[in-house]
Amino acid sequence: MRAFTYERAGSPAAAAAAVATQPGAKFIAGGTNLLDLMKLEIEVPTHLVDVNRLGLDLIETTPDGGLKIGALVRNTDLAADMRVRSDYPLLARAVLSGASGQLRNKATTGGNLLQRTRCPYFYNTDMPCNKRKPGSGCAAMGGLSHNLAIVGASDACIATHPSDMAVALRALDATVETVAADGSERHTPLADFYRSPGETPHIETVLRAAEMITSVTLPQPLGGVQIYRKVRERASFAFATVSVAMVAGSVDGDIRVDRLAFGGLAHKPWRVEAAEGAARSAEAIADIVLAGAKPTADNAYKLPLVRRTLAAVIAQAKSESAR
Amino acid sequence: MIGEGINRTDGPLKVTGGATYTADRQDAGAPLYGVIRGAGIGKGRITFIDTRAAEVAPGVQVVWTYRNAPAQAPARDYADLNDAHPQLVGDRVDHYGAPVAFVVANSFEEARAAAGLVEIGYDVASGAYELDQGVQPGAWHNVSAFGDVDKAMAEGPVTVEADYSTPYHFAQPMEPNACLASWHDGHLTVYLAAQMISQLIEGLAATLKLDQKHITVDSAFVGGGFGSKIALHAEAVLASLATMALHRPVKVLLTRRQIFTIVGHRAASHSRIRLAATPDGRLTAIGHDATVQTFRGGDWTEGVATVSRALYAAPNRLTRHARSELDLGTAEPVRGPGELPGLMVFESAIDELAEKLDMDPVELRLRNDTAVDPERKIPLSGRRLADCLREGAKRFGWDNRPAVPGSRRDGRWLIGYGVASSIRGHFQSAAEVSVRLLPEGRVVVTSDMTDLGTGTYTIVAQVAAAALGVPVSQVTVELASTDHPSSMGSGGSWGAANTSVATDRACQSLRDQIAAVAGTGYNDLFAELRRHFPRGLEATGKTLESRDDPNYRRYSQFTYGASFAEVGVDADTGEVRLRRMLGVFSAGRILNAKTARSQLIGGMTWGVSAALHEGSYPDPRHGNWPKGDLAEYLLPVHADIPDIEAIMLDDFDEHANHLGVKGIGELGAGGTGGSVANAVYNATGVRVRDFPITIANLLPGLAARG
Amino acid sequence: MTIAQDSPARSETSAAACSVTFSVNGRTSSLVLDPRVTLLDVLREHLHLTGTKKGCDQGQCGACTVMVNGRRINSCLTLALMHEGDEITTIEGLGSPEALHPLQKAFLDHDGFQCGYCTPGQIISAVAVLEEIGAGVPSHVTADLNGAPPATDEEIRERMSGNLCRCSAYPNIIAAIRDMVEDHV
């Protein structure tokens, strides 16, 4: 971990201004991902602006019946909020399926959105990695890639996004609110928040320099059957091999998949809106979701896994909606 | 008193944070901190080093590379534990992560940052990293041959021939490998996370070219070992060199990532197993060819193919190993060396044979039981494999096993049962223990034996208390210092038997000495002690090496077990979860029912993990380990492990020693992985022969079945 | 092929020390620290409270679990400076060999440990888990998100899964916690 200076910010705009004025500065909130990466010198900030005491830790009902989640709401508190549990169970389930109790107590809503990939070659600083060191190449291609992306990747990067929470938020049409150093605010749909890797996989979001997430807003509750199914190699405390976030409605005794997003498949939460809405078979939906998939030899098993998991989740939705 | 499941005597310290493991020790005063920098390539030469930035970084005391590291004794190929293991000795990189620079600074933060500032360039050579790359065709090691397996296979009539693979395993105890070294008045005190300190001190003395009498190694509390703290690793050598150079205590912890590279691993293996049997299930041939990785110049060959040598009778037998010398780190013993991967695959093959024979897998194993070592042709001492199988089958409810694979379902879960046998050689090694009676009424037992969580402190106190007729609370056990009498430490499941037998013998000697002057009818040991030996009395007890003990020539000594597993397999995703597990073990007399049960459960969990969770392979191009941390290299968590039952048969092996004691450290792991794998087959009808049974390995078969 | 390791040319400047005040087990500590010092390292290397263990130093094992203002966290993944004014509880704050906390006693009686290295983290985590269940915080395995989570073995196992135990005392740890359930939930 390289030396850095440290300050506690007094307000969101002041925090953004502090990061803007110091080259190499970064925000630190929960720190559960950033500090790990700093120990490995994958992240080397020269100045840390601690935003933990800025408030931003409330969950508020919005005038139009949605929910505004402060960026510093800890994962535990987000999942424990009664409104989230009853109106957005998909989100509660996704958050609870991630990490450990200790990490969820510290990790924040904003930080969760910004966590970096768990690609093993990103973590191994001796290996080429376009995400860690732009232009150095991608060691994951041709390497061990069991848990890496099968869709939406590029020739530069096959990393996956590790968040469960973001998958649910993507399915729920969340919006990310940010503040810039000049105090200006903007609202970015999560659909537009993450970038595809392309030639610049190190640039993961549309956030500008020194722009800070202040909240995440959910529209009105969707209702329906909400399921977050996480497939993983051990029963807890493991990243998803594949995860499925689904909101389903019942039409004439059949299931209509209204919202569908996947984790573990792509550089960002993977949602293909074209697969939603109409009554389709699991196979037909999967064909749309996986169109253009380019698996490696190591992770080709994810193709049947997606299909089978999707079918299982649809069957579960059917049985739950019949209840 | 012996056998009673009393609480661990060191337990109150451990549950309150008061047990001081190596990195916790404050004895030496404020330390400097050392951080190791590992090589970023798998094989090649260092062509460029720039340490200037690191040297002038804040707080830095010293930056060492091969160019300026202190002189050490040279290494030799196939070095033993007690040979020199010099560090930073040349520009050659022989495996990924091998130490190439070492920084000592005033604080951990400064040392870590400075280690990152060392600039290193390499000339990369192409290395051999895949298991088939380093084999010399026809060169077999550790071969055991009887009869003609080829012929028996040709004659059949029922045969199995199958290939299995097991990955690299990393011991990864929760306590990282660590050393705190302190050089004071010409004496080197080394607090070290270690298992066998009498061996380590020899290796360290040889490396440092220092007389052993000027070194003390102290490992009073060790946070797990599982083999990874047997060998002398870089942290001990570098911390020692640094304190000798800087005259300040120096603390070095390996990072969790470094434990994957600087500490060794269990070799990956490939097995071809051949079995032939009569239609009524009598084995006529056992063949097991195993290819295992070895380090270039390393001496350890994982005995994967040895596991069947005393397990079942069969006239034709051929078990042998091919060594694949690769440019990976050292292959080292990891818990259940040989038998954990070996029994997992061999007992899978036995399950395949039972399927072919249409015979109950328990019955097949019983039918091939033997009272005589099939290869050494001498009696198997304490052979109770059949008792373990029968008792386990009864307690587990084996009768309720799904008769047809893939036929039972509980919601989304496919349910299966599996069984496997366990066997583990029992060894005795030379050990010495001292017992002192103090006039104020205390018993003090001293030995360099370690307690890795195995319960040594507790069982030694129980044995001494029983032998002397005093309460356990009157016994003080001092372990794990090289100032104490020497043993072979913890490893190979021999520690408990060696130490308890030697302790008992020392106590008997004390009783004899007191009886000689006080007569045998005395009431109060300490009253007689004060009367006849006012300054106290000390005696030592010893054990012999197996080869020097006639009982170990006349009897073939093993411990036995049978494990039974029930798994659920998600019918859609192929996720496998253990639902329940039972093991029945025969391991001689049990010294403490509570700690023994715990250790067996722990071993069984290792078997579960090997079957379902853990394992790693190097990148075939770079020789590094992509699974470099505990988020990638998966160990079971609480949610993976349901209640596990471990039953110990009431046992006493009079041929092992006069206490009837054997060992249990490796036994629990034994065939447990096989029972899980066989349960997965029973649940799904899919046989996965490449371990662990991940979604990726299971799903294709599952999908093919629809 | 010659390659250089992935370490850009650079030099190191001294980290400007910062001061922080927090309380550990009820005792206030005011320290001047290198900003890089984690909460784990300040406990161990500065305050010599070595009961809290460094297992992986990256939030993947739970050996460093402590409670901050009543919530369990991984002390390895937080900077000491981020804890101004906080109340920290470590294993040393729960009980002593002479006066064990009931959960420490239960771990002892059920042999909920072997090597003991993960044990302080397990015990701190377990104390917090019982409080979390009592407070109605749901988990991944909670069937009814709108109800109070039951203190079942399944719930406890899920919630304890951030604490690895390589000796695998898992069944015994659950037995120890189960003993406490009636008293605490």
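Heavy atoms only: backbone and side chains are in, while hydrogens, waters and symmetry mates are out. Lettering of chains follows the sequences in order, A, B, ..., and the numbering in each one begins at 1. Quantities reported herein were computed from a predicted structural model and do not represent experimental measurements.
For the options Phe226(B), Trp606(B), Phe48(B), heavy-atom pairs under 4.5 Å to chain C are most numerous at Trp606(B). With respect to chain B, the highest number of heavy-atom pairs below 4.5 Å among Thr119(C), Val37(C), Asp153(C), Ile156(C) belongs to Val37(C). Most heavy-atom pairs under 4.5 Å with chain C, from the set Arg25(B), Gln599(B), Met604(B): that is Gln599(B). Listed options Ser107(B), Gly603(B), Gly455(B), Gly453(B) were ranked by heavy-atom pairs under 4.5 angstrom with chain C; first place goes to Gly453(B). Between chain B and the residues Gly51(C), Cys165(C), Gly116(C), the most heavy-atom pairs under 4.5 angstrom are made by Gly116(C). When each of Ala19(B), Gly223(B), Ala30(B) is scored by its heavy-atom pairs under 4.5 Å with chain C, the top score falls to Gly223(B).
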(message) Quick one, Val637(B) with Met160(C), criterion side chain to side chain contact (heavy atoms under 4.5 Å, CB included). Give me CA distance, side-chain angles, the key distance, then yes/no.
(response) CA-CA 8 Å; Val637(B) 296; Met160(C) 289 296 294; over 6 Å; no
(request) Mind running salt bridge (Lys or Arg N to Asp or Glu O under 4.0 Å) on Asp57(C) and Arg257(B) for me, showing each step along the way? (result) CA-CA 10 Å; Asp57(C) 212 17; Arg257(B) 293 187 77 84; over 6 Å; no
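Looking only at side-chain heavy atoms (C-beta outward), Gln58(C) and Arg256(B) come within less than 4.5 Å of each other. Using a 4.5 Å cut-off on side-chain heavy atoms (C-beta onward), His638(B) and Leu164(C) make no contact. At least one side-chain heavy atom of Gln104(C) sits less than 4.5 Å from a side-chain heavy atom of Thr16(B).
For the atom pair SG of Cys167(C) and CD1 of Ile601(B), the computed distance is 12.5 Å after rounding to the nearest 0.5 Å. Remark: Met174(B) CE to Cys61(C) SG distance equals 4.0 Å, nearest 0.5 Å. In this structure, the separation between CD on Glu109(B) and CZ on Arg36(C) is 6.5 Å, given to the nearest 0.5 Å. Interatomic distance, Asp34(C) CG to Phe108(B) CZ, rounded to the nearest 0.5 Å: 11.0 Å. Interatomic distance, Thr454(B) OG1 to Gln114(C) CD, rounded to the nearest 0.5 Å: 8.5 Å.
Contacts of Arg597(B) with chain C are made by side-chain atoms alone, with heavy-atom separations under 4.5 Å and no backbone atom involved. Heavy-atom distances place the backbone of Leu452(B), and not its side chain, under 4.5 Å from chain C. Looking at Glu154(C), neither its backbone nor its side chain comes within 4.5 Å of chain B, counting heavy atoms on both sides. Using a 4.5 Å cut-off between heavy atoms, Phe221(B) does not touch chain C at all. Interface residue Ala23(B): backbone and side-chain heavy atoms are both found under 4.5 Å from chain C. Looking at Glu98(C), neither its backbone nor its side chain comes within 4.5 Å of chain B, counting heavy atoms on both sides. Of the atoms belonging to Arg112(B), it is side-chain heavy atoms, and not backbone ones, that fall under 4.5 Å from chain C. For Ser161(C), the parts sitting under 4.5 Å from any heavy atom of chain B are the backbone and the side chain alike. Interface remark: Leu108(C) contributes backbone and side-chain atoms alike to the contact with chain B (heavy atom separation under 4.5 Å). Using a 4.5 Å cut-off between heavy atoms, Leu253(B) contacts chain C through its side chain alone, with no backbone atom that close. Proximity to chain C is limited to the side chain of Glu614(B), based on heavy atoms less than 4.5 angstrom apart. For chain C, the nearby parts of Ala631(B) are the backbone and the side chain; heavy atoms of each come within less than 4.5 Å.
Side-chain contact annotation: Asn7(B) with Asp111(C), donor-acceptor N/O pair under 3.5 Å absent. For the residue pair Ser598(B) / Asn172(C), a side-chain donor-acceptor distance below 3.5 Å is found, with atom types taken as modelled.
Taking the ring axis of Phe113(C) as reference, the NZ or CZ atom of Arg8(B) stays within 45° of it and closer than 6.0 Å to the ring centre. Annotation: cation-pi geometry not satisfied between Lys14(B) and Phe107(C) (NZ/CZ under 6.0 angstrom from ring centroid, within 45° of ring axis).
Applying the 6.0 Å contact sphere to CD of Glu84(C) captures more than 12 heavy atoms from other residues, nucleotides or ligands. Within a 6.0 Å radius of NZ in Lys594(B), more than 12 heavy atoms belonging to other residues, nucleotides or ligands are found.
In this structure a side-chain-to-backbone donor-acceptor pair under 3.5 Å is missing from Arg157(C) to Pro642(B). Judged by distance alone, with hydrogens and angles left aside, the side-chain atoms of Glu158(C) form no donor-acceptor pair with the main-chain N or O of Ala639(B) at under 3.5 Å. The closest donor-acceptor contact from the side chain of Gln60(C) to the backbone of Leu630(B) lies under 3.5 Å.
Between Lys54(C) and Asp24(B) no salt bridge is recorded (no basic side-chain N to carboxylate O distance below 4.0 Å). Under 4.0 Å is where a charged nitrogen must lie from a carboxylate oxygen, and between Glu175(B) and Arg166(C) no such pair does.
Heavy atoms only, all atoms of each residue included: Gly224(B) and Cys115(C) are closest at N-CB, 3.2 Å.
Between Tyr21(B) and Tyr117(C), the angle of the ring planes goes over 60°, which puts this pair in the perpendicular group of the 30/60° scheme.
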